[in-house]
Amino acid sequence: MAVFDPDTILAISNKFRLQWEAAQQAYVLLYAEGMIKLNVSAGEVLKRLDGQRTLAAVIEDLQRQFPNAALEDDVREFVNIAHDHGWIIVKQPT
Amino acid sequence: MGAVQLGFSGGEPLLRRDLEDLVAEARHLGYYTNLITSAAGLGEPRLKALKEAGLDHIQISFQAGSQALNDFMAGTRIFEHKLAAARLVKQYGYDIVLNFVVYRDNIDQIGQMLDMAGEVGADYVELANVQYYGWALLNRDRLLPTREQLSRAEAIAHQYQERWKGRMRILYVIPDYYEERPKACMSGWGSIFLTVAPDGVALPCQAARQLPGIEFPNVRDHSVEWIWNESPAFNKFRGFDWMKEPCRSCPDRFKDYGGCRCQAYMLTGDAGNTDPVCSLSPRHDVILSAISSANAAAERGNGAREPGQGEGPIFRNVRNSSKLSA
Ligand code: SF4
């Protein structure tokens with residue numbers, strides 16, 4: 001399993017498109033053969049992986065929005081899973 | 001209604017000059033947009049415009065009976081043109097997704113098709129056998145591969161799946177005639193898919209129009225919501241209540257939905273029958289005799305052969321098509 005540096009920049013893979021789906025009241029990943037419905041935290045993480053911000057900046061931003069949770073480990077774990085599924089790619093390896 | 005996928009297929013969607021507008025509007029509405037094209041006429045300006053309109057995904061298909069697929073064997077220009085289009089698609093950030101339609105005359109060459117796909121850097125390749133509707137049904141005796149061909153092809157497909165693991169995904173689909181159970185056609189009638197023909201007629205699948213006694217609603221006259229939920233056509237074979245035996249009490253009905261309504265109609269005369277591909281169908285004999293007839297035709301030499309020998313394949317063209325629809 002990949003372990004990412006704090007300054008890794010991640011982006012949604014070109015095989016998927018992240019979108020807010022009003023009918024589902026959830027973020028979804030759309031792809032050619034279907035759709036993956038994301039839970040709230042997965043959606044919050046993925047929508048920040050914009051190919052611009054570093055992983056550290058993303059975690060910081062999340063921490064600011066959800067100050068009551070210790071989320072770094074959870075975010076890292078989820079990002080690893082998302083990468084293994086091919087949902088996200090490394091934009092600029094450092 | 002929660003639909004998230006919109007596919008443009010044909011015929012050839014690129015023939016529509018307003019395709020970019022349709023894609024842009026679909027994207028604006030939040031759809032994941034997919035274009036299925038022969039890629040003939042897909043040059044850089046068009047691709048750029050489609051990309052800007054927000055197109056998400058492209059599949060390049062090599063249709064059975066098309067000049068391009070035939071050219072593949074001979075290595076001529078149309079085929080080269082398609083490869084160039086595939087490379088261009090990649091440059092624009094799309095995956096290269098290739099669909100090859102295979103049948104008796106070309107199934108022995110799937111190794112070459114996969115080599116070629118590997119060379120252009122394809123991400124996903126689908127090798128699907130012809131479905132025996134319309135044009136292909138009329139030519140079934142010369143299109144259906146023999147049992148030996150199928151087992152060879154399957155072995156080759158597996159070999160390539162191993163070889164290209166992690167780089168190129170390969171899907172190989174055998175003709176349903178050689179299966180014991182039918183395909184779960186459209187994942188069930190009126191279950192997931194709604195097709196709108198160019199004239200506005202809404203269909204549960206592209207082939208359904210041939211079914212007699214069903215009045216398919218038009219999106220010009222009715223809301224899509226009504227068509228999907230209320231229209232008699234979309235409810236006709238929805239769920240399980242319409243089924244006859246043996247499907248009606250069969251545990252597999254939740255898996256295959258009794259197979260394909262169009263195939264049931266074409267081969268048994270009644271769209272409400274069990275798909276005869278199923279070995280439990282009382283009319284399974286029509287499939288068995290089609291197989292033996294095709295295998296016999298192949299043995300007589302009316303089948304797999306060296307390029308340039310025997311009569312050429314029957315192309316789909318305007319002349320032949322009008323014969324089919326007459
Ligand atoms: S009898 Fe009907 S439901 Fe059962 S396997 Fe055959 S087609 Fe499917």
Side-chain angles (χ1 to χ4, degrees), chain A residues 1-4 8-55 58 78-94, chain B residues 1-9 23 26-37 47 50-51 53-61 89-99 121-126 128 165-171 173 184 186-187 191-193 224-225 228-229:
Chain A
M1 192 179 263
V3 176
F4 296 113
T8 308
I9 296 174
L10 296 160
I12 306 293
S13 152
N14 72 340
K15 298 180 192 349
F16 296 91
R17 203 176 91 211
L18 180 71
Q19 177 167 300
W20 173 256
E21 204 43 61
Q24 318 258 355
Q25 283 297 302
Y27 276 97
V28 297
L29 280 172
L30 298 173
Y31 60 108
E33 296 99 35
M35 177 178 92
I36 298 156
K37 187 176 165 184
L38 301 166
N39 64 25
V40 177
S41 33
E44 288 297 328
V45 176
L46 288 186
K47 79 176 186 197
R48 286 172 169 80
L49 301 181
D50 52 7
Q52 313 272 335
R53 285 182 270 187
T54 63
L55 183 54
V58 167
F78 170 70
V79 162
N80 281 337
I81 293 170
H83 186 261
D84 285 349
H85 283 304
W87 300 344
I88 58 174
I89 52 155
V90 175
K91 194 77 185 289
Q92 274 166 21
T94 46
Chain B
M1 294 170 68
V4 290
Q5 300 271 353
L6 193 88
F8 296 97
S9 71
V23 168
R27 176 65 189 254
H28 172 72
L29 293 169
Y31 286 103
Y32 187 94
T33 53
N34 185 10
L35 170 66
I36 302 176
T37 174
L47 185 57
L50 287 165
K51 177 91 192 181
L55 183 67
D56 288 298
H57 190 80
I58 301 178
Q59 274 167 260
I60 300 178
S61 65
V89 157
K90 189 109 192 181
Q91 272 174 36
Y92 274 78
Y94 294 106
D95 275 1
I96 298 183
V97 178
L98 304 177
N99 299 338
D123 298 274
Y124 183 57
V125 183
E126 192 176 298
K165 215 177 200 155
R167 283 178 292 168
M168 178 166 90
R169 281 195 299 145
I170 300 167
L171 179 72
V173 188
M186 307 311 284
S187 306
S191 158
I192 297 180
F193 295 99
V224 171
E225 209 156 3
W228 184 256
N229 292 321

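Only heavy atoms go into these numbers, but all of them, side chains included; no hydrogens, no water, no symmetry mates. Being a predicted model, the structure only gives us computed values, none of them experimental. A note on names: the letters A, B, ... follow the listed sequences, proteins ahead of strands, and every chain is numbered from 1.
The two atoms that bring Y32(B) and R17(A) nearest to each other are CA-NH1, 3.7 Å, heavy atoms only.
Annotation: maximal heavy-atom pairing with chain A below 4.5 Å, among R27(B), H57(B), Q59(B), occurs at R27(B).
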Might you work through the side-chain contact (heavy atoms from CB on, under 4.5 Å) test for Q24(A) and V4(B), ending with a clear yes or no? CA-CA 11 Å; Q24(A) 318 258 355; V4(B) 290; 5.6 Å; no
